[in-house]
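Each chain gets a letter, A, B and so on, in the order its sequence line appears, and its residues count up from 1. Every value quoted in this text rests on a predicted model; they were computed, and no experiment measured them. What's counted below: heavy atoms across the whole structure, side chains too, no hydrogens, waters or symmetry copies.
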Amino acid sequence: MADKADEKKITPRSQDFAAWYNEVVLRAELADYSPVRGCIVFRPQGFAIWENIQAELDRRIKRTGAQNAYFPLFIPESFIRKEATHVEGFSPELAVVTHGGGKQLEEPLVVRPTSETIINYMFAQWIKSYRDLPLMVNQWCNVVRWEMRTRVFLRTTEFLWQEGHTAHATREEAEQETLAILELYRDFCESYLAIPLVWGRKSAAERFAGAVETYSIEGLMGDGRALQCGTSHFLGQNFARAFEIRYLDQNNQLQYVWQTSWGVSTRLLGALVMVHGDDQGLRLPPTVAPTQAVIVPIWRKAEERKPVVDACREVYQNLCQVGVRVRVDEREGVTPGFKFNEWEMRGVPLRIEIGPRDIAAKVATLVRRDQTGPQGKLASPLERLAQSVTELLEDIQQSLYRQAKAAMDQATTEPQSFEELRAQMEGEGGGGFANVYWCGQPSCEEKIREETKASCRAIPLNQDVPQGPCIVCGQPAQERAFFAKAY
RNA sequence: CGGGGCGUGGCGCAGCCUGGUAGCGCACACGCUUGGGGUGCGUGUGGUCGCCGGUUCAAAUCCGGCCGCCCCGACCA
């Protein structure tokens, strides 16, 4: 009997995080494996989350003045080679098409790993004058990177993302844009996805191939490892020079443009699972949840069925009217208990139970996904249910953020010595963010990576901290940086 | 590419040592039952046992070869 119950449960998160993660993704029906190695299928439950992310992010991006466009999937191989660092960074992971229409192609076509080259090729033709600037485009698309080792959502051969590309007249303006997008991503992740972050500049070793500076937002997953959740790059004039993107300024002088690029991907789905999920499955913040509330009718005798179902449908209508994404689970032949577990696995933030007892008392029983046990359960009068639900969803959003923030804060330390850092990162259970003084030398960063497996995740901006000794070499350091084991 | 492991209904596995009608749990279909935390019972669908060859009257099982997948390492803006 115990075995049978266990069979329906997933591997506990604390027992084997990787197994837990895979089981949640599969059982919540977010994604499935495909016949092609490293490629996944986004199932309706997972894709609906991505669509919500897209919709909200798209609004926010457009508010900055960027416009959506679409560039080709195929890029002439020679384009990738035009920017030296870029080609070095991407060559090993390119998928290349050599044949088409039954014939070998004159020039192989690269399946885009990112679209800097082809977009900038077009930019060069569109930009003539300072009056054409700034030029800001965004595209939602798929990209392909032939990774050696893949993980669902976190690193897949093909993934979906949004990539923004901008060109500006001045360095200052481009730098400002880079940071504005970083802030846009930060706010989006924290407020919309309820994922707390650290953020800042990347070290040279972690920088995007072809960028002058890379900035990122970094989340901390449930197992103590960091996940890069979005990047914003200041490209300087690297691509402008490679692709001859020049404009005439007010003084009739030819100038190279200054550029940025930035993106977030379907990796965010992985972050949602790993930040919020628990042993019951997924837990979704209400803002991004495709279904925010599910109504489960409960009845025993045949004559109880109609009043219960009628009450459920009425509540459904009322909630729809106030904009709650709600559904009624009227399936027969499965018990309420089964439904409870299933919707919990899928991460629905709020469950509304309506049975004969509730109807008699003129209430509905509300059960919040973010709290287990009796404290997550409350009776709410039917007459002001819509308001209660709306308020509860808001509260659940805050609560999920607070829980994640508390976990991140608890896992964030300020080790004073290299030994302390090493001890923190050691073993499977080791991890978290280590906020340390670092002199900025690549050799010290490399030593940390070699000996602790932790890499530099972000160097916070506008630091106002006293000088201290580099945690590796002891030389005076002006800055602190976050190190962590990363996905 | 190096080290380790595994290929048997959709999923997880047993059977292989000692050759003889391919089995269990879950899932799925139907019926009754049940229903406020994964209800129980019954009936049923579904597999050329990764591929090729060999030994044998007979191969999931023994032998040889090949292929694929997973884990660890190397690698990864």
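Between A:S455 and A:R457, the side chains place a donor N or O and an acceptor N or O closer than 3.5 Å (distance only, hydrogens not considered). Side chains of A:W140 and A:D58: a donor-acceptor N/O pair is present below 3.5 angstrom, by distance only. Checked by atom type, the side-chain pair A:T166/A:E177 shows no donor-acceptor distance below 3.5 Å. With no hydrogens or angles considered, no side-chain donor-acceptor pair links A:E83 and A:N120 at under 3.5 Å. For the residue pair A:S261 and A:H165, no side-chain donor N or O sits within less than 3.5 Å of a side-chain acceptor on the partner.
Looking at the side chain of A:E93, the nearest of the listed nucleotides B:G37, B:G35, B:C76 is B:C76. Here the side chain of A:V367 is nearest to one of B:G36, B:C76, B:G37, namely B:G37. Here the side chain of A:F338 is nearest to one of B:C76, B:G37, B:U39, namely B:U39. Each of B:G36, B:G37, B:U39 was ranked by its minimum atom distance to the side chain of A:T335; first place goes to B:U39. Checked against B:G37, B:G36, B:G38, the side chain of A:K377 finds its nearest nucleotide in B:G37. Minimum atom distance to the side chain of A:R357 is reached by B:G36, of the listed B:C76, B:G36, B:G38. Counting only heavy atoms from C-beta on, A:R351 has its side chain closest to B:G37 among B:G37, B:G35, B:G36.
Looking at heavy-atom distances under 4.0 Å, A:V334 makes contact with a base. Here A:G89 lies out of heavy-atom contact (under 4.0 Å) with every strand.
What separates CD of A:E23 from C1' of B:C26 is a distance of 14 Å, to the nearest Å. For A:L94 and B:C76, the CG to C1' distance is 13 Å, given to the nearest whole Å. The NZ-P distance, from A:K306 to B:G35, rounds to 23 Å in whole Å. Atom pair A:L26:CG and B:G10:C1' shows a separation of 12 Å (rounding to whole Å applied). Summarising the geometry, the separation between CD on A:E332 and P on B:U39 is reported as 15 Å, rounded to the nearest angstrom. Note: CD (A:Q228) to P (B:C76) measures 15 Å, nearest angstrom. Between the CZ atom of A:F340 and the P atom of B:U39 there is a distance of 11 Å, given to the nearest Å. Taking atom CZ of residue A:R300 and atom P of nucleotide B:U39, one finds them 14 Å apart after rounding to whole Å.
Nucleotides B:C51 and B:A59 are separated by 15 Å at their P atoms, to the nearest Å. Taking atom P in both B:G44 and B:G23, the straight-line distance is 14 Å, to the nearest Å. Annotation: B:G53 and B:A58 have their P atoms spaced 15 Å apart (nearest Å). Distance noted for atom P between B:U56 and B:G19: 16 Å (whole Å). A gap of 13 Å separates the C1' atoms of B:G10 and B:U45, to the nearest Å. B:C41 and B:U48 have their C1' atoms separated by 35 Å, with the value rounded to a whole Å. The gap from the P atom of B:U61 to that of B:C52 amounts to 12 Å, rounded to the nearest Å. Using C1' as the reference atom, B:A60 and B:G50 are 12 Å apart when rounded to the nearest Å.
The two atoms that bring A:N138 and A:E163 nearest to each other are OD1-O, 3.1 Å, heavy atoms only.
A heavy-atom distance below 4.0 Å to RNA chain B is reached by these residues of residues 201-214 of chain A, ordered by number: A:E206, A:R207, A:F208, A:A209.
In terms of position on RNA chain B, the residue among A:P336 and A:R155 whose nearest nucleotide sits closer to the 5' end is A:P336. Heavy-atom nearest nucleotides on RNA chain B were determined for A:M345 and for A:K301, and the one closer to the 5' end corresponds to A:K301.
Base pairing annotation: B:C41 forms a Watson-Crick or G-U wobble pair with B:G31, both donor-acceptor distances under 3.5 Å. Applying the Watson-Crick and G-U wobble criteria (two distances, each under 3.5 Å), B:G10 pairs with B:C26. Base pairing of B:C62 is made with B:G54, judged by Watson-Crick or G-U wobble geometry with both donor-acceptor distances under 3.5 Å. Applying the Watson-Crick and G-U wobble criteria (two distances, each under 3.5 Å), B:C1 pairs with B:G73.
Judged by distance alone, with hydrogens and angles left aside, the side-chain atoms of A:K339 form a donor-acceptor pair with the main-chain N or O of A:D329 at under 3.5 Å.
The ring of A:F79 has its center no closer than 6.0 angstrom to the ring center of A:F74. Residues A:F243 and A:F123 keep their aromatic ring centres 6.0 Å or farther apart.
Under a 4.0 Å N-O distance rule, the pair A:E29/A:R346 qualifies as a salt bridge. Taking 4.0 Å as the cut-off between side-chain N and carboxylate O, A:R186 and A:E183 count as a salt-bridged pair.
In this model, a side-chain donor or acceptor of A:T365 finds a partner on the base of B:G36 within 3.5 Å. Applying the 3.5 Å distance criterion, the base of B:G37 shares a donor-acceptor pair with the side chain of A:E344.
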**Message:** Assess the residue pair A:F42 and A:F153 against the criterion (ring pair (Phe, Tyr, Trp, His ring centres under 6.0 Å)); give the C-alpha distance rounded to whole Å, side-chain angles, the decisive distance to 0.1 Å, and a yes or no.
**Reply:** CA-CA 9 Å; A:F42 291 82; A:F153 293 136; 5.7 Å; yes
Got a list of protein N/O to nucleotides 71-74 of chain B N/O distances below 3.5 Å?
from	atom 1	to	atom 2	distance (Å)
B:C72	OP1	A:R149	NH2	3.0
B:C72	OP2	A:R149	NE	3.4
B:C72	OP2	A:R149	NH1	3.1
B:C72	OP2	A:R149	NH2	2.0

